[in-house]
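This report refers to the structure that appears directly beneath it.
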Amino acid sequence: MALKVLSALDVAKTQYYHFKAIIIAGMGLFTDSYDLFCILLIMRMIGRIYYSKLDRKVDENKWFEVPTVIASTMIGVALMGAVIGQLVFGLLGDRVGRRKVYGISLVMMVFASIGCGFSLSTLTSMVLVSLGFFRFWLGVGIGGDYPLSATIMAEFANKRTRGAFITGVFSMQGFGILFSSLVTMIVCSIFEASADKHKLMKPSDLLPPTSIAPVPPESDLAWRLILMIGAIPAAMTYYWRMKMPETARFTALVEKNTLQAAKDIGKVMNVPLSTIQEDVEMINTPNTRAAFSNTYPFFSREFARRHGRDLVAASLNWFLIDVVFYSLNLYQYHVFRGHMVPKIKMNLYQDALQIAKFQSLIAICATIPGYFVTVYLIDSVGRVIIQASGFFFMAVSLFTVAKVNTSGWESNPSTDSIILYGLTFFFSNFGPNTTTFIVPAELFPARFRATCHGISGAVGKVGAIIGSIGFMWAARHDSPHGSGMSKTLMMMGGVCVLGFFVTYFFTRETVGRSLEENENVDEFTGVCFIRFWPNKVWAKRNETNTGEVEIML
């Protein structure tokens, strides 16, 4: 028998507080994606402002580029901060409580976002050092938000729609990407409309002796403003985060205070206290005493036996999808190259606005629809099927694009390539990019849940660092007509194939069961370390037969 308060959560009807929790928890993911994905637009503007020298000895497409080392550092430093944040805040969430540290990560994001807009001077070196410093702490706050948001939503949700609720939180990432594009377009349009037209000359209009492309001095404010606006959505939800009660599962199972857990749930959900307050006899049942006395530590053979395989599978799947997902975002510029005006024929505002338009197009047509379909199907189809299918169709799309585009990075991809690129993004979000956020929040015991989610996410962000920096170097240092693009896309497709097999053979399904049932399922029916599908069918048949016997009795 489960504790009454936990049983009440599992069977509770969808209520107003569930949707409120989605917004409160999701706004952190909204801010995360805004800050992580707007950096490509910011680097585009910084290149025009701080690297405005025209080198007529090189291809004009290489003008105004931030050096690869600096650009990769700006991307990598935030991701490295996210690795640290996920590990630290995940551990703290299990040690001192989800609610107590939930606001800290949000505060870090707010102040770091504002700090990114400031620098000690206008010297290029000082601007970039300051930006890198604050982006690291921004990454720490972003990383901390992942395990806490997923764990809190999982522990508040009912088991029937838990996947849809967690997906709803994660889907805010897509809206954050769209919002960053819209903000960039609005800011650039306003600055261009108010600028002195004589200082907005296109580089192609300059006479040959001119070696510096002019930029208006106020343009240095535009990119800073875009970064600082990212702090507003997070700041707006800080009060509500502080008003959230501790999750009942942490209070009841970790702090072992079932009375307080019942009171907290009674405050925020339409559940009478009398129906969830534990009886003394209930608490003294053998099953409940066993649950409370089950205190094996994280670094123990018992944890490895029960949960080691799940932790390895969740971490590896997250690593593989992030290698591909972050590379896909950098590939976006090359996909739309044939439909873009060369940057030498535009001023810096038009250049950034053009990139933002295509980024918002992908968000509207592929990214956000992928989240919506996942919300609709996640609790009926299941996590494993969606994740495996997503990896499979991503691989097919990437292999096809690699075969079509064999002319190098300077080629103009066809319309078919753009459609395939959009499908890859769709199946990443209607697939592993979403499910890898869900599964670690459902598999592990309450006292290890945030820690294990943080470890899985941290391993994933290591994959993001490898994927984004590796892709950037491959794109910038391959010969214009070399085979680097095709090989890179083939490698990304191969990563997706590996993700399909890891999902199929190692990942455990969590749909339809309570968190405590997922924790206690001992599914060691596979061959060695592998969950082999005939054994899954046999285990399901035994489960059905057992249920029929219980009904007959």
Side-chain angles (χ1 to χ4, degrees), residues 21 23-39 42 73-120 128-153 169-170 172-173 175-177 179-180 183 224-244 246 437 441 450-451 453-458 460-462 464-465:
I23 299 299
I24 295 172
M27 199 52 64
L29 274 296
F30 181 97
T31 306
D32 299 347
S33 59
Y34 179 99
D35 291 315
L36 286 179
F37 291 97
C38 76
I39 191 61
I42 299 303
T73 299
M74 290 298 112
I75 295 174
V77 71
L79 295 174
M80 183 56 67
V83 171
I84 296 173
Q86 285 172 320
L87 294 174
V88 172
F89 279 88
L91 179 62
L92 290 175
D94 286 334
R95 291 290 180 86
V96 301
R98 289 77 158 112
R99 176 185 175 276
K100 292 180 180 178
V101 295
Y102 201 28
I104 298 175
S105 63
L106 197 70
V107 169
M108 291 185 68
M109 284 191 285
V110 170
F111 282 100
S113 295
I114 297 173
C116 286
F118 291 93
S119 59
L120 301 177
L128 295 173
V129 168
S130 175
L131 180 60
F133 174 80
F134 284 107
R135 279 192 63 78
F136 171 80
W137 290 108
L138 175 64
V140 173
I142 288 173
D145 199 74
Y146 271 70
L148 297 176
S149 292
T151 299
I152 287 173
M153 196 67 247
V169 172
F170 192 68
M172 299 300 288
Q173 184 183 77
F175 292 100
I177 297 172
F179 186 65
S180 69
V183 168
R224 299 172 188 269
L225 187 62
I226 294 170
L227 286 174
M228 289 189 285
I229 288 175
I232 297 176
M236 291 172 62
T237 58
Y238 176 77
Y239 171 78
W240 297 110
R241 282 202 178 189
M242 293 297 94
K243 296 290 289 184
M244 291 181 74
E246 184 56 84
F437 181 80
T451 299
H453 195 286
I455 291 173
S456 302
K461 285 299 175 283
V462 172
I465 294 172

_Is any side-chain heavy atom of Arg224 closer than 4.5 Å to one of Ile42?_
no
*Mind checking whether Gln173 and Asp32 have side chains closer than 4.5 Å, heavy atoms only?*
no
*Non-hydrogen side-chain atoms of Met108 and Leu138 separated by less than 4.5 Å*: no
*Which pair of non-hydrogen atoms, one from Met153 and one from Val169, has the smallest distance, and what is that distance?*
CG-CG2, 3.6 Å
*Between Asp145 and Ala25, which heavy-atom pair has the shortest distance, and what is it?*
OD2-O, 4.1 Å
_On a heavy-atom basis, which atom in Ala450 and which in Arg98 lie closest, and how many Å separate them?_
CB-NH1, 4.4 Å
*Any side-chain heavy-atom pair from Val140 and Phe89 closer than 4.5 angstrom?*
yes
_Qualifying residues under ring-ring contact (aromatic ring centres under 6.0 Å, His included), relative to Phe179, sequence neighbours excluded_ = Phe30, Tyr34
_Residue pair Leu227, Leu131: steps toward the side-chain contact (heavy atoms from CB on, under 4.5 Å) verdict_ = CA-CA 10 Å; Leu227 286 174; Leu131 180 60; 3.8 Å; yes
*When rounded to the nearest 0.5 angstrom, what is the spacing between CG in Leu148 and CG in Leu92?*
8.5 Å
*Contact summary for Gly176 and Ser33, nearest pair of heavy atoms*: CA-OG, 3.2 Å
_Heavy-atom pair of closest approach, residues Phe134 and Gly115_ = CD1-O, 3.2 Å
*Got a donor-acceptor contact below 3.5 angstrom from the Gln86 side chain to the His453 backbone?*
no
*Just how far is it from atom CD1 of Ile24 to atom CD1 of Ile152, taken to the nearest 0.5 Å?*
9.5 Å
*Would you give the length of the straight line joining atom CZ of Phe111 to atom CH2 of Trp137, rounded to the nearest 0.5 angstrom?*
14.5 Å
*Flag the pair Phe133 / Val77 as yes when at least one side-chain heavy-atom distance between them is below 4.5 Å, and no otherwise.*
no
*What distance do Met244 atom CE and Arg99 atom CZ have between them, rounded to the nearest 0.5 Å?*
9.5 Å
*Return yes when atom CE of Met236 has more than 12 non-hydrogen atoms of other residues, nucleotides or ligands closer than 6.0 Å, and no otherwise.*
no
*How about Ser105 and Arg241: do any of their side-chain heavy atoms sit closer than 4.5 Å?*
yes
*At their closest point, which heavy atom of Gly230 faces which heavy atom of Pro233, and how far apart are they?*
O-CD, 3.5 Å
*Please round to the nearest 0.5 Å and tell me the distance separating atom OG of Ser113 and atom CD1 of Ile142.*
7.0 Å
*Output every pair passing side-chain hydrogen bond (donor to acceptor under 3.5 Å, both in side chains) with a member in residues 227-237, not counting sequence neighbours, ordered by first then second residue.*
none
*Step-by-step side-chain contact (heavy atoms from CB on, under 4.5 Å) determination, Leu79 to Arg135*: CA-CA 9 Å; Leu79 295 174; Arg135 279 192 63 78; over 6 Å; no
_Verdict with reasoning, Ser149 to Tyr102, per side-chain contact (heavy atoms from CB on, under 4.5 Å)_ = CA-CA 8 Å; Ser149 292; Tyr102 201 28; 3.0 Å; yes
*Trp240 versus Met27: any side-chain heavy-atom pair under 4.5 Å?*
no
